[in-house]
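Accompanying notes for the structure given below.
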Amino acid sequence: MAPFPKHLAGEAFAYLTTTGRRTGRAREIEIWFALDDGGATVHVMSGAPSRAGWVHNLRADPAATVRVAGERRDVRAEGLGDGGEEDARARDLLVAKYGRDGSLDGWRARGLPVALRVGP
């Protein structure tokens, strides 16, 4: 599957659809995102991972879809807050895109970044 086109990186929101871990139903949320790896990775972050249904859904079933400005891709969740280099990169990219005034410092420090890889 083709990566997201680079020109979509400036869009304000992505739409993440997961499968409900209890219901099996599709659950869509609007979420901040950052494209990486030439559009092959979509970084998202939860500010309250213990309460975020989408995080629990991805832990139960990492297959999901992401839609950005009408472009839809199948993705697979990886790196649920593993603390590695990609974790730090995701934080940097998201805060650079959305928090230029320092207002997201707490979110950056405590949030749970998730890498969503484009492809089956």
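Note that this is a predicted model, so its numbers are computed, not measured.
Closest heavy-atom contact between L93 and L35: CD1-O, 4.4 Å. Taking both residues in full, the closest heavy atoms of V118 and V75 are given as CA-CG1, 4.1 Å, listed atom of the first, atom of the second, then distance. Listed here is the closest heavy atom pair of A12 and W32: O-CD1, 3.9 Å. Pairing each heavy atom of D87 with each of R91, the nearest pair is OD1-NE, 2.6 Å. Residues K6 and G38 share a closest heavy-atom pair of CE-CA, 4.0 Å. When all heavy atoms of A69 and E11 are compared, the pair lying nearest together is CB-CD, 3.8 Å.
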*Begin from the C-alpha positions of L16 and L116 and carry the test side-chain contact (heavy atoms from CB on, under 4.5 Å) through to its verdict.*
CA-CA 10 Å; L16 171 64; L116 302 168; 4.0 Å; yes
*When you look at V44 and W54, which way does the side-chain contact (heavy atoms from CB on, under 4.5 Å) test go after all the steps?*
CA-CA 11 Å; V44 295; W54 66 269; 3.8 Å; yes
*I would like to know whether F13 and V68 meet side-chain contact (heavy atoms from CB on, under 4.5 Å); could you show each step before the answer?*
CA-CA 7 Å; F13 299 103; V68 179; over 6 Å; no
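Between N57 atom CG and I29 atom CD1 the span is 9.5 Å, to the nearest 0.5 Å. In this structure, CG on D36 lies 13.5 Å from CZ on F4, to the nearest 0.5 angstrom. Between the CZ atom in R117 and the CD atom in E78 there is a gap of 4.5 Å [rounded to 0.5 Å]. The line from CZ of F33 to CG of L8 is 7.0 Å long, rounded to the nearest 0.5 Å. Between the OH atom of Y98 and the CG atom of L104 there is a distance of 10.5 Å, given to the nearest 0.5 Å. Note that the CZ atom of R110 and the CE atom of M45 stand 10.5 Å from one another [nearest 0.5 Å].
Applying the salt bridge (Lys or Arg N to Asp or Glu O under 4.0 Å) test to pairs two or more places apart or on separate chains, those with a residue in residues 47-72 are E28-R67, E71-R73.
Scored by the side chain to side chain contact (heavy atoms under 4.5 Å, CB included) test, A90 finds H43, P113 as partners (sequence neighbours excluded).
A donor atom on one side chain and an acceptor atom on the other are not found under 3.5 Å apart for R27 and T18.
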